[in-house]
Structures are given as structure tokens and as C-alpha cells.
K.L.:
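This structure is in C-alpha cells; I'll ask about it shortly.
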Amino acid sequence: MTDLADRQARAQMALWQDHLRAVGDRGDPYALLLRAPQDPYPLYEQVRALGPLHQSGLGVWVTASHRLANKVLRDKRFGVRRADGSKAPEFMPFDNSMLGLDPPGHTRLRKLTVPSLNPRRLDRWRPSADRYCHELIDRMLAGRAEVNYMSAFAQQLPLRVIGDLVGIPERHRRAFFQLSRRMAYLLDGVASVEVARDVRAAIEEMTVMFTDIIAEHRADPREDLIGDLLPAVDDGRLEMDELVPLCMFLPLAGTETTVNLIGNATRALLENPEQWALLKGDAGLAPAVVQETLRHDTPVQQYRRIAHMDVELDGHVVTAGSELAICAGAANRDPEVYSEPGRFDITRKSGPETLSFSAGIHFCLGAALARLEAEIALAAVAERLPELRQVGPVRRRDSFIIRGMLQFPVAVR
Ligand code: HEM
């Protein structure tokens, strides 16, 4: 970044932060949510009290309603870019691959990626996910009694699985892990120009690495995502400069999210001993734990849409170009559709599908993989770490988008 661009980005960010502070100081719940509070749930109730849809002092329309959010996500009049194809103002210029595109570009990239993440193909990753889990648990049991559950376990499994799925050779794994962790800050909303600069550097290093890995796949074809996509590059359905961002986007979309699903589920279990006892008594309840965690404490708390034209919604007109924030973490606790929504209950039977993986055309392509990994992880933890308990305070990610922990001190025996 040039000095001038750097100064401009700093000035733009300072202006935005002043505005955010001023609107938050007036008590605007959405502006307060963007300050990434440790516990966003009381603020979501303030958002809900303002009605199914309201316009924040920041100009963004906000919904905590499951019904309305579900409708917007399936409404073709909304997209992820402005109608002219431009992105909403962002400090972090990262190509979000298909997630940052509207049709037809989105449709083409998604179609090409679907086969690699097809639930039927996922069985291929089950044995290695299971093996990684047990190796990590063996290592925890052989080491110190007290560990940070996030770094010792939850952060490790999804990175290993996605490394296999994308096709990262063993010798690049360490660099891939480190670069992925640096890039994960992209998901937190941009905190500072320094973070932006570091993420940009990580993206450049990752681009070089993937260019090398793709060349290796060409010379020695393999059965993984890169192997699946190379024929599309050869016959012109995919540009080479789309393949690298796609390879980088999947670890970004699929790692930090799944890491925090495993972390949030484990924390909820330890905080609710009767539910933890249920899982320890029957590891077959792991899918129910995953489902309830996705609802109760979802790793992706919000995402946005942009109106492509004036849209009338619940008595308001959302004008073309306006942004609408879907508070999935709040919609998943909407009392209109879930009874006793604040209660973590793995025996819960009723209620519609959560919005944790979004809905409509951007519905998460990795949902089945995320469930598979988390289910394997939680079943293994319940069987092999029955004495697991929290032994110190949690440190959370400083993020209004990703809900999860950086530090979760536990004793494993
Ligand atoms: C618990 C784990 C996960 C959660 C909570 C999650 C959540 C989400 C959400 C909310 C979206 C859509 C955002 C929007 O509509 O604007 C999304 C999209 C996406 N996710 Fe996930 N995700 C998870 C795991 C994964 C995994 C493991 C992968 C891949 C290996 C993955 C790949 C994707 C892709 C490719 C998209 C873009 C789909 C599109 O734009 O059509 N995700 N995810």
C-alpha cells in the first residue's frame, strides 16, 4: 500500500470509528453491537424491541426476526453487491470468491465447487477427521493436565481437514496453518489499518503458495478440490485468477467458523452439566449438540445484503443501495419461532431450521462438512475426556461477526 493510500485508509477508518462511537453513545443497539461486546444477546433483545425491521442510526437496516431474515435471504431483489456490481465500502479489499458475487458470476463459481463439497463425497474425509481427532486427544492426555482447548484441539481439526480437502501438500501445511490464522482476522470486521496490512501480506504469501501448489497438481493430478477444479480451468469454465481466490476462500470460510462451533458447543456443554451428562451417556447425541449450538450460540452472528431496488418490507421502504444486516445470532433466538430461546437444550424438538448457515443462494456450501467435523469432535471428546472442565476465564475473539473464543482453559483429566 502506498503512503497516500495508507493515509486515506487511516482517515476513512478514523471517520467511521468516530461515527460509530457517536451513534453508539446515543444508545443505538446496532452501533453498540458493532463494538463487539462480550455478550451480544441483551443487545439483540433491544434490536428486537424496535420491531422486525428498523433503520439504525448508522443507516443500515437491521433485523433480528427469523421470519423476515429468511424472506430477505431468499428475495432476488437483494444481493451482496450494489446493483451496479460495486462492493459496499470496505477497508479490506479481499476477493470473497463466490460469497462476494451475485448471479451470474456466483452461480458459475458455486456450481463448479458443489461437487467437491457434496455431502455424499464427504464420507471421504470422515476417517481422517476421526483419526486427527483421536491424535489430538492422545496428545492432550499425554501432556499437561491444563490446556487451552482452542489451540490444543478446536483450532487444529478444521485446518487439517480443509488442508486435505483443498489439497495442501504436507510440506506447506505449517505455512498454510499460520497464514490461515492471520487471514482469519478478515472475518472479524477490520479493526485497524495495521491488521488490514498484515492480512494483505498474508494474502500475498498465500497466493504465491497456492500458485506453487496448483502447478504441482498439474504435474501430479490428485483427488481433492484443486484436482476437481483444474479441468474447469482447462476448458475455460474457470479463470486461473479465480481458482486461487477460491482456494483461499474455502479455508477462510470453513476454518474459523467450524473451530468456533466446536469451541462454543463444548463451552455450552460444560456450562450445562445435565446436557454434558446426556452426551457422555450417549455419544450418538453429538448431532443434536451441534444443531442446538448452531441455534443457541452460532459462530457467524451476522451478514449483510444490499437492496438492488426499492423494496417494501414490513411497512418500510428499503431504498436501492441500502444495506440490511441479518442478525443470525438473534434470529436463532427469536421467541416467535423457538420456545425458551435462551435455553441450551439438546433435546429440543420443534422450531424451523436456523439461519446459522444462511439461506437462499448463498446457503453455506460447507454446512455438511462443518456438521460432520463437529459431530466427530464432540463424540470423541465426550467418550475420551469425561473429566473435562473449565479452569480459568475465557478470552473471546474481538469480533461482531465471529462468535468464539481464543482462550478456553480446561483441565483434561
Ligand atoms: C460452523 C461452520 C460454518 C458456519 C457457521 C458457516 C456459515 C456460513 C454462512 C452464514 C454463509 C453465508 C453468508 C451469507 O449468506 O452472506 C456461508 C457461506 C459459505 N460457506 Fe460456510 N460456514 C461454516 C463452515 C463452512 C465450511 C466447513 C466450508 C467449506 C469447507 C464453508 C464454505 C462456505 C462457502 C463456499 C460459502 C459461500 C456460499 C455462496 O456464496 O454460495 N463453510 N457459510
Side-chain angles (χ1 to χ4, degrees), residues 69-70 72-75 78-81 87-88 95-119 121-122 124-125 129 154 157-168 180 184 187 224-225 228-229 245-265 289-306 323-329 331-332 353-378 401-404:
N70 201 21
V72 168
L73 291 168
R74 294 164 196 275
D75 188 330
F78 288 91
V80 293
R81 291 194 166 227
K87 284 203 240 178
D95 182 342
N96 254 343
S97 189
M98 73 189 88
L99 188 51
L101 288 177
D102 290 321
H106 168 264
T107 322
R108 181 175 52 86
L109 281 188
R110 185 167 170 117
K111 235 187 203 161
L112 290 171
T113 318
V114 162
S116 309
L117 287 163
N118 182 320
R121 286 271 295 278
L122 292 183
R124 193 200 288 182
W125 311 115
L157 178 69
L159 262 176
R160 289 176 190 214
V161 173
I162 207 95
D164 288 349
L165 185 140
V166 174
I168 315 288
S180 297
L187 297 169
D224 45 37
L225 179 92
D228 287 348
L229 291 175
L246 186 55
C247 291
M248 283 199 282
F249 171 67
L250 281 185
L252 188 67
T255 303
E256 214 52 37
T257 46
T258 314
V259 165
N260 292 310
L261 175 57
I262 297 170
N264 294 356
V289 176
V290 169
Q291 182 62 22
E292 180 64 345
T293 307
L294 284 165
R295 187 198 67 77
H296 180 260
D297 204 17
T298 188
V300 180
Q301 291 275 313
Q302 63 162 286
Y303 35 88
R304 289 195 184 185
R305 290 295 182 266
I306 302 176
E323 288 187 59
L324 196 154
I326 308 278
C327 296
N332 288 343
E353 189 44 83
T354 70
L355 296 180
S356 305
F357 292 120
S358 187
I361 65 166
H362 290 281
F363 180 81
C364 175
L365 262 184
L369 177 64
R371 285 183 193 275
L372 177 140
E373 290 180 52
E375 286 166 19
I376 289 178
L378 293 166
I401 298 172
I402 294 291
R403 177 148 172 90

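All ligand and atom numbering here is 1-based and tracks the order in the structure.
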K.L.:
Give the residue, atom name and distance (to 0.1 Å) of the protein heavy atom nearest atom 28 (C) of ligand 1.
P.N.:
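Scanning the protein heavy atoms, the shortest distance from atom 28 (C) of ligand 1 goes to G366 CA, 3.4 Å.
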K.L.:
Heavy-atom contacts under 4.0 Å between R110 and ligand 1: side chain, backbone, both, or neither?
P.N.:
side chain
K.L.:
So between C364, A370, A374, whose heavy atom ends up nearest atom 22 (N) of ligand 1?
P.N.:
C364
K.L.:
Between the candidates I402, I361, L250, I162, which shows the shortest non-hydrogen contact distance to atom 30 (C) of ligand 1?
P.N.:
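Closest candidate by heavy-atom distance is I162.
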K.L.:
May I ask you to identify, for H106, whether its side chain, its backbone, both or neither come under 4.0 Å of ligand 1 on a heavy-atom basis?
P.N.:
side chain
K.L.:
How about T293 and N264: does a side-chain donor come under 3.5 Å of a side-chain acceptor?
P.N.:
no
K.L.:
Below 4.0 Å, non-hydrogen atoms only: which portion of T257 touches ligand 1? Side chain, backbone, both or neither.
P.N.:
both
K.L.:
Can you tell me which portion of A253 lies within the under-4.0 Å heavy-atom range of ligand 1? Options are side chain, backbone, both, or neither.
P.N.:
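Near ligand 1, A253 shows its backbone as well as its side chain.
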K.L.:
For ligand 1, is E373 a contact, meaning one of its heavy atoms is under 4.0 Å away?
P.N.:
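Distance cut 4.0 Å: E373 fails for ligand 1.
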K.L.:
Hey, does R305 sit under 4.0 Å from ligand 1 if you only count heavy atoms?
P.N.:
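It does, in that a heavy atom of R305 comes within the 4.0 Å cut-off of ligand 1.
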K.L.:
Counting only heavy atoms, which portion of L99 has something under 4.0 Å from ligand 1: side chain, backbone, both, or neither?
P.N.:
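Both backbone and side chain.
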K.L.:
Counting heavy atoms only, which of M98, R304, Q301, R371 is nearest atom 37 (C) of ligand 1?
P.N.:
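Comparing heavy atoms across M98, R304, Q301, R371, the nearest one to atom 37 (C) of ligand 1 lies in M98.
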K.L.:
Provide, to 0.1 Å, the distance between atom 40 (O) of ligand 1 and the closest protein heavy atom, together with that atom's residue and name.
P.N.:
H362 ND1, 2.6 Å
K.L.:
Can you tell me which residue and heavy atom of the protein come closest to atom 4 (C) of ligand 1, and the distance to 0.1 Å?
P.N.:
F357 CE2, 3.4 Å
K.L.:
Any donor-acceptor pair under 3.5 Å linking the side-chain atoms of E353 with those of Q291?
P.N.:
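Yes, a side-chain donor-acceptor pair sits under 3.5 Å.
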